[in-house]
Amino acid sequence: MKRIRFLSRNIKGSVSVKYTWLELFFVILLATLIYSLTANNYSTRKIEDNFDKLNLELYKKMQMQFDTMLNSFSQTALELATDADIGALAMQRDDSAPHSQITAMEHALANKSVIMRNAEDYHIYFSRSGMIGSTDGLFGAQEYFETHYSYLNLRDSEWRRWIVSDAEKEYIAVTGTDDRRYLLLKYPLSGTVREIVSSSLIVVLEESCMLRFARDIPYFESSMIYLTDSDGETLFCLKPEGMETLTNGALNKSADTLRLAGKRFRVIRAASANTGWQFVFCVPSNIYRGDLSTVNFILYAMLLLCICLEIFVLWRSYNRSYSPLKGIVGMIGSGEEKGNELETIRKSITQMMDAKKEYSNLIDEQKAIIRNNYLYLLMSGVLGEREMKEEVWQEKGVEFIHPFFMTASLSLMEYSELFYDLDEPIDDSQRFDLMKLIVENIYSDIAAKYGLHSYFVSMGRNCFVLLNLAEKEDKAAVLESFRETQQAVQNHFD
């Protein structure tokens with residue numbers, strides 16, 4: 001009998017189940033991390049965007065207040081241009097103006113002190129006479145510059161050129177000796193009958209004036225506020241002490257975030273439709289993220305819990321599932337097998353099933369041989385009474401239902417000349433087996449035709465057909481049919 005090996009071969013390229021579980025663990029862990037980080041980033045962006053939308057109105061309010069202040073300066077210039085005494089002074093070519101006109105000018109400028117309360121200084125420059133008119137009187141331009149502009153890093157020639165030139169901008173930004181920024185604004189006094197276009201109202205602003213508008217801004221103490229002109233040049237800057245000043249290039253970028261000194265800032269812009277100037281608000285992102293601390297704590301706590309649960313499940317799976325699996329593989333392969341344990345078990349079970357099927361076929365063949373030999377001995381009359389009992393019949397695979405029997409015998413003698421027209425040649429043993437199979441099928445069909453219980457018995461070249469008949473069967477018809485069949489078979493193979 002063929003010996004069957006149950007040991008499965010190593011499966012090349014296969015991976016152990018434990019590595020598959022580890023791979024699944026890391027996939028789930030990676031998915032959890034990606035989801036958590038994505039949720040965190042999305043939540044942060046949404047909160048920052050909502051903060052921006054809520055605070056934008058306050059930022060626009062500051063920008064509108066600043067525009068309102070500039071508009072009030074422009075309106076003041078229009079009102080001063082219609083003052084007769086100021087108009088008369090503008091027409092003077094020297095400092096010989098009447099005292100009454102100078103006093104009237106002082107009162108006119110003093111009456112604007114409430115409107116001009118945010119200004120560091122304001123005065124009128126009379127281009128024809130080169131004089132400066134202020135609330136303190138009428139002064140020469142050189143004298144006034146030396147006494148009132150000494151704190152600015154600005155030369156007298158630059159100042160004069162800016163005042164008298166129509167091509168220059170109507171503002172100029174300078175720094176002071178105290179490192180503060182100052183903004184000089186020029187408003188021509190025009191529109192009068194005398195058309196004193198050569199006279200201008202000069203307003204000096206210091207960057208701290210923005211503090212009056214910025215106090216209502218959220219997170220003002222830790223934020224940076226920049227005022228830039230239409231060319232992107234920085235005019236004013238309010239920032240925490242020690243904080244680095246942003247360059248014009250960084251301010252003019254369209255990005256809504258920026259980094260400075262390792263800190264991340266949200267950038268919100270509010271532009272003026274009148275001047276084209278723009279307020280740039282830089283708010284630290286950690287202020288926004290402070291409101292996310294609880295959400296982040298819960299999120300990361302859940303992430304840590306998921307990781308711990310995955311590790312616990314992996315450990316439990318290893319102990320409860322993989323360890324027995326490894327033990328089974330060890331029993332199958334004596335501890336020598338590597339690779340995928342489930343595939344190893346599957347291969348081994350497949351081989352066992354194939355072996356079982358082969359054993360079953362061998363047993364069926366052995367039963368058929370045992371039954372054939374028993375029936376041959378039975379018909380030969382050599383069995384004793386002990387071997388004729390019903391339990392022996394069942395043991396040998398024989399079942400007799402009726403008390404009557406009929407036998408037909410055949411001798412298969414000459415068969416060497418048969419079956420030469422087959423596609424593949426066969427030897428005499430195969431030829432004899434094929435002939436015997438044909439004869440057996442013929443007689444089995446006849447028995448089935450009459451509904452009879454039959455056995456085909458062979459021993460060497462002799463074959464027998466054993467029929468088990470009931471009393472009511474037409475025995476003569478059966479016998480005649482068998483005789484005709486026997487003659488037909490004999491004639492066919494002769």
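Model, not experiment: these values are computed from the prediction.
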I'd like to know whether [atom1] of [X] has more than 12 heavy-atom contacts from other residues, nucleotides or ligands below 6.0 angstrom.
| X | atom1 | value |
| --- | --- | --- |
| Asp179 | CG | no |
| Arg212 | CZ | yes |
| Lys60 | NZ | no |
| Tyr35 | OH | no |

Does the side chain of [X] come under 3.5 Å of the side chain of [Y] through a donor N or O and an acceptor N or O?
| X | Y | value |
| --- | --- | --- |
| Asp178 | Tyr182 | yes |
| Asp121 | Tyr144 | yes |
| Ser272 | Thr275 | yes |

- Query: In terms of ring plane angle, is the pair Trp159 and Tyr125 parallel, tilted or perpendicular, where the classes change at 30° and 60°?
  - Reply: perpendicular
- Evaluate the side-chain hydrogen bond (donor to acceptor under 3.5 Å, both in side chains) criterion for residues Ser129 and Asp94: first the C-alpha distance (whole Å), next the side-chain angles of each, then the deciding distance (0.1 Å), finally the verdict. CA-CA 5 Å; Ser129 62; Asp94 50 33; over 6 Å; no
- Message: Phe66: which residues meet the ring-ring contact (aromatic ring centres under 6.0 Å, His included) condition with it, sequence neighbours left out?
- Response: Phe279
- Of the options His99, His107, Glu106, Gln101, which is the one that meets Thr103 in a side-chain hydrogen bond (donor to acceptor under 3.5 Å, both in side chains)? His99
So which heavy atom on [X] is nearest to which on [Y], and how close?
| X | Y | value |
| --- | --- | --- |
| Leu205 | Phe236 | O-CZ, 3.6 Å |
| Asn153 | Gly176 | ND2-O, 3.3 Å |
| Gln142 | Arg160 | N-NH2, 3.4 Å |
| Ala104 | Asp85 | CB-OD2, 3.0 Å |
| Phe265 | Pro284 | CD2-N, 3.6 Å |
| Leu109 | Tyr122 | O-OH, 2.7 Å |

- Task: For the pair Thr76 and Met116, evaluate side chain to side chain contact (heavy atoms under 4.5 Å, CB included) and give the outcome as yes or no after the intermediate values.
- Result: CA-CA 9 Å; Thr76 297; Met116 309 298 288; 4.2 Å; yes
- Taking Tyr171 as the fixed residue, which of Trp277, Tyr187, Trp162 is the one that meets the ring-ring contact (aromatic ring centres under 6.0 Å, His included) rule? Trp277
- Can you check whether His123 and Phe145 have ring centres sitting under 6.0 Å from each other? no
- Arg161 and Glu158 ion-paired at < 4.0 Å: no
- Query: Can you tell me how far the CG atom of Asn441 sits from the CG atom of Asp445, to the nearest 0.5 Å?
  - Reply: 6.5 Å
- Message: Under the side chain to side chain contact (heavy atoms under 4.5 Å, CB included) test against Phe281, which residue among Met62, Arg266, Gln63 passes?
- Response: Met62
- Query: Quick one: are Tyr151 and Glu120 in side-chain contact, heavy atoms under 4.5 Å?
  - Reply: yes
